[in-house]
Protein chains: 2
Amino acid sequence: MFSKTTEYALRAVIYIAQKGTEENKLGLADIAKAIHSPRSFTAKILQQLTAGGKIISSVRGPGGGFYISAKAKKLPVRSVLSVMGEDVKLEKCVLGLKHCSEEKPCPMHASYKLIKPLIIDLFESKTIEMLANEVSAGKSNIGNL
Amino acid sequence: MFSKTTEYALRAVIYIAQKGTEENKLGLADIAKAIHSPRSFTAKILQQLTAGGKIISSVRGPGGGFYISAKAKKLPVRSVLSVMGEDVKLEKCVLGLKHCSEEKPCPMHASYKLIKPLIIDLFESKTIEMLANEVSAGKSNIGNL
DNA sequence: GTAATAAAAGATAAAAATATCCTTAATTAA
DNA sequence: TTAATTAAGGATATTTTTATCTTTTATTAC
């Protein structure tokens with residue numbers, strides 16, 4: 001559904017929300033290991049998520065690392081997709097038409113439009129915090145082996 | 001949702017189903033122009049769809065070209081995804097976990113499993129022919145400008 | 001200050017997806 | 001049989017995605 005980059009981003013954000021706090025920041029090595037993502041590549045992704053204080057926060061130096069504010073935890077999962085530039089994917093025409101609309105639809109349009117809102121809602125209604133809590137409660141996991 | 005390659009494949013198959021018959025085969029140039037796909041790249045995709053007589057058929061030489069049998073027209077759209085190796089995408093874990101199941105789910109699993117069958121059904125219930133007829137009836141299009 | 005730590009930033013590298021071109025094989029018509 | 005036509009096949013090129021490595025900057029502790 002999403003690129004590997006975005007999958008790593010989602011897992012990382014959920015992990016940081018689950019394990020980290022401003023008092024207990026998480027290091028890159030810790031995060032990459034926990035979500036089974038390549039370390040250096042994950043660094044780049046975390047930079048994207050940090051840029052402009054959009055989703056996660058970071059501090060350099062000893063005791064530094066990544067964390068996510070209580071406020072940011074309330075953001076919908078979709079906001080992560082948005083930072084990664086993949087929320088547009090949800091809106092895209094199934095056949096890849098540049099102009100696919102009610103007025104000029106592709107042959108999949110009519111049926112796809114019925115479920116598209118459900119897919120979008122999937123990422124809009126769930127917050128980062130909700131997913132992190134799922135993992136904390138032992139109901140689910142983000143490891144990958 | 002799908003790769004550009006698969007988007008071209010879907011558009012090409014629908015176009016061939018709509019305009020071509022065994023008596024009136026369609027040439028590569030015609031197809032590529034109609035669906036606004038790069039000509040040579042489309043040739044490779046049509047080869048994939050032709051291989052083993054899976055979806056479309058082809059004949060070389062003058063008067064040759066591509067067409068799709070009446071029987072193949074009845075195939076679900078999903079069969080095209082399958083040939084292009086993208087039907088697995090529909091089954092994949094949203095967070096990219098290798099092992100995401102009821103027993104060991106990711107935090108998106110529970111909500112995603114509610115709509116996944118709808119997405120799959122979208123491509124399983126529609127046949128190539130149904131989409132082609134939509135276009136023939138003027139209800140939709142597969143051009144791209 | 002200096003040394004140590006950890007993320008940011010930049011430069012490359014490798015792999016996969018997308019795209020083009022040239023040659024070969026099959027088919028038809030003259 | 002020769003020429004023309006059209007897809008198949010193979011080689012190569014370009015772009016994007018994924019990944020790694022090195023250097024720089026910020027922060028902390030001493």
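In what follows, chains are A, B, ... by sequence order, proteins preceding strands, each numbered from 1. Heavy atoms only: backbone and side chains are in, while hydrogens, waters and symmetry mates are out.
Of the possible donor and acceptor atoms, none in the side chain of R78(B) sits under 3.5 Å from a partner among the backbone N and O of I120(B). Distance alone, capped at 3.5 Å, places no donor-acceptor pair between the N141(A) side chain and the V135(A) backbone.
Residue whose closest nucleotide on DNA chain C sits further toward the 5' end, between P62(A) and S58(A): P62(A). Nearest-nucleotide assignment on DNA chain D puts the 5′-proximal partner with T6(A), out of T6(A) and V59(A).
Whole-Å rounding puts the K4(B) NZ to dT16(D) P distance at 8 Å. Rounded to whole angstrom, the span from the CZ atom of F41(A) across to the P atom of dT16(D) amounts to 15 Å. The CZ-P distance, from R39(A) to dT22(D), rounds to 13 Å in whole Å. Distance, Q48(B) CD to dA7(D) C1': 15 Å, rounded to whole Å. When the P atom of dT6(D) is taken as reference, atom CD1 of I16(B) falls 15 Å away, rounded to whole Å.
Between chain A and DNA chain C, the heavy-atom contact criterion of under 4.0 Å yields a 5' to 3' nucleotide range of dA4(C) to dA11(C).
In this structure, OG1 on T127(A) lies 8.5 Å from CG on L75(A), to the nearest 0.5 angstrom.
Aromatic rings of F123(B) and Y112(A) (six-membered ring for Trp) have centroids beyond the 6.0 Å cut-off, not under it.
In terms of hydrophobic clustering, with Ile, Leu, Val, Met, Phe, Trp and Tyr side chains grouped at heavy-atom distances under 4.5 Å, L90(A) and I55(A) are assigned to a common cluster.
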Quiz item: Going 5' to 3' along nucleotides 9-14 of chain D, which nucleotides have protein heavy atoms under 4.0 Å from the base (write B), which only from the sugar-phosphate (write S), and which from neither (write -)?
Solution: BBB---
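Side chains of M1(B) and K89(A) form no contact here, defined as non-hydrogen atoms less than 4.5 Å apart.
At a threshold of 4.0 angstrom between heavy atoms, the contacts of S40(A) include nucleobase atoms, whether or not backbone atoms are also involved. Contacts of L26(B) with the nucleic acid, taken as non-hydrogen atoms under 4.0 Å apart, involve only primed sugar atoms and P, OP1 or OP2.
In terms of the side chain to side chain contact (heavy atoms under 4.5 Å, CB included) criterion, residue partners of S69(B) (sequence neighbours excluded) are, by chain and number, K71(B), A72(B).
OP1 and OP2 of dT17(D) both lie 4.0 Å or more from every side-chain N or O belonging to T5(A).
Defined by atom type and a distance below 3.5 Å, a donor-acceptor pair is missing between the side-chain atoms of N24(A) and Y67(A). A donor atom on one side chain and an acceptor atom on the other are not found under 3.5 Å apart for S82(B) and S79(B).
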